[in-house]
Amino acid sequence: MSKTEKPLSTLWGCELNESNKEESFKTDDTNHQHQLALRTMCLGHTAKDEFNIVELVTGEGNSRAKAVPIATLHAKSMPTVNLSGLDLHPPVTFRLKHGSGPVYVGAEHVALEEYSDDEEMDEEVEEEEDIEESPVKKVTKNGAGKRKKPEKGEDEETSEGENPPKKGKGRGRKAKV
């Protein structure tokens with residue numbers, strides 16, 4: 001993603017059933033990049049006790065288009081499937097290959113749109129440059145209740161001209177009589 005673009009995200013979905021066996025996702029916009037990020041596919045509450053197979057057809061409706069089954073749903077055993085991580089570029093078509101549905105497809109349409117205001121872009125870049133990362137602290141495992149002994153270099157700075165700190169009565173220590 002270049003610095004002159006920002007992602008715009010909208011919800012996209014469709015229903016596949018006996019009367020509507022195919023649904024396509026296309027865009028005519030050639031100025032922006034488009035992506036369809038699939039999220040879920042699920043059966044509706046009126047689905048019959050049958051297998052519903054949904055396939056994905058990539059490319060236009062030409063002879064080179066390939067159909068790949070991406071979900072097999074059944075009302076009793078697998079009514080929903082998580083498809084997160086499956087990102088597609090248009091045009092794509094969802095087809096109910098077998099079954100009567102209804103099958104609902106849920107996805108996120110992401111488009112990269114150019115900034116209209118150059119000043120807004122400059123401000124965001126400056127903000128990113130101003131942010132300083134805090135140093136990463138190294139985590140060491142000491143036994144429970146044990147304290148790390150200071151090294152000689154650390155002890156020299158604090159003990160110059162001072163008396164050593166007094167030891168107090170800690171938990172589990174017996175008082176001196």
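By convention here, the first residue in the shown sequence is residue 1. None of the values given here were measured: they were computed from a predicted structure.
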Heavy-atom closest contact (Trp12 atom, Ser24 atom, distance): CZ2-O, 4.0 Å
Quick one: does Leu36's side chain get under 4.5 Å of Val92's, heavy atoms only? yes
State which residues pass side-chain hydrogen bond (donor to acceptor under 3.5 Å, both in side chains) with Ser19; sequence neighbours excluded, sorted by chain then number. Asn17
In this structure, CE of Met78 is separated from CG of Leu43 (nearest 0.5 Å) by 10.5 Å
Once side chain to side chain contact (heavy atoms under 4.5 Å, CB included) is applied, do any residues pair with Lys21, and if so which ones, sequence neighbours excluded? Leu96
Going through the checks in order, is the side-chain contact (heavy atoms from CB on, under 4.5 Å) test met by Leu38 and Ile70? CA-CA 11 Å; Leu38 291 181; Ile70 59 170; 4.2 Å; yes
Kindly indicate, with the supporting measurements, whether the criterion side-chain contact (heavy atoms from CB on, under 4.5 Å) is fulfilled by Glu23 and Leu16. CA-CA 7 Å; Glu23 188 74 34; Leu16 303 173; 3.9 Å; yes
If I compare all heavy atoms of Ala47 with all of Ala75, which pair ends up nearest, and what's the gap? O-CB, 4.3 Å
d(Glu22 CD, Lys97 NZ) to nearest 0.5 Å is 10.5 Å
Output a table of donor-acceptor pairs, distance under 3.5 Å, between side-chain atoms of residues 80-87 and any protein atom two or more places apart or on a different chain; print 'none' if there are none.
{"residue": "Thr80", "atom": "OG1", "partner": "Met41", "partner atom": "O", "Å": "3.3"}
{"residue": "Asn82", "atom": "OD1", "partner": "Ser84", "partner atom": "N", "Å": "3.0"}
{"residue": "Asn82", "atom": "OD1", "partner": "Ser84", "partner atom": "OG", "Å": "3.0"}

Can you tell me how far apart CG (Leu88) and CZ (Phe25) are? Round to the nearest 0.5 Å. 9.0 Å
Thr72: partners by side-chain hydrogen bond (donor to acceptor under 3.5 Å, both in side chains), with sequence neighbours left out: none
Non-neighbouring partners of His74 that pass side chain to side chain contact (heavy atoms under 4.5 Å, CB included), sequence neighbours left out: Asp49, Phe51, Lys76, Ser77
List the atom pairs, donor and acceptor, that lie under 3.5 Å between side-chain atoms in residues 99-112 and the rest of the protein, sequence neighbours left out.
{"residue": "Ser100", "atom": "OG", "partner": "Glu50", "partner atom": "OE2", "Å": "2.4"}
{"residue": "Glu108", "atom": "OE1", "partner": "Arg39", "partner atom": "NH2", "Å": "2.4"}
{"residue": "Glu108", "atom": "OE2", "partner": "Ser9", "partner atom": "OG", "Å": "2.4"}
{"residue": "His109", "atom": "NE2", "partner": "His34", "partner atom": "ND1", "Å": "2.9"}

If two hydrophobic side chains count as joined below 4.5 Å and joins carry through other members, does Leu73 share a cluster with Ile53? no
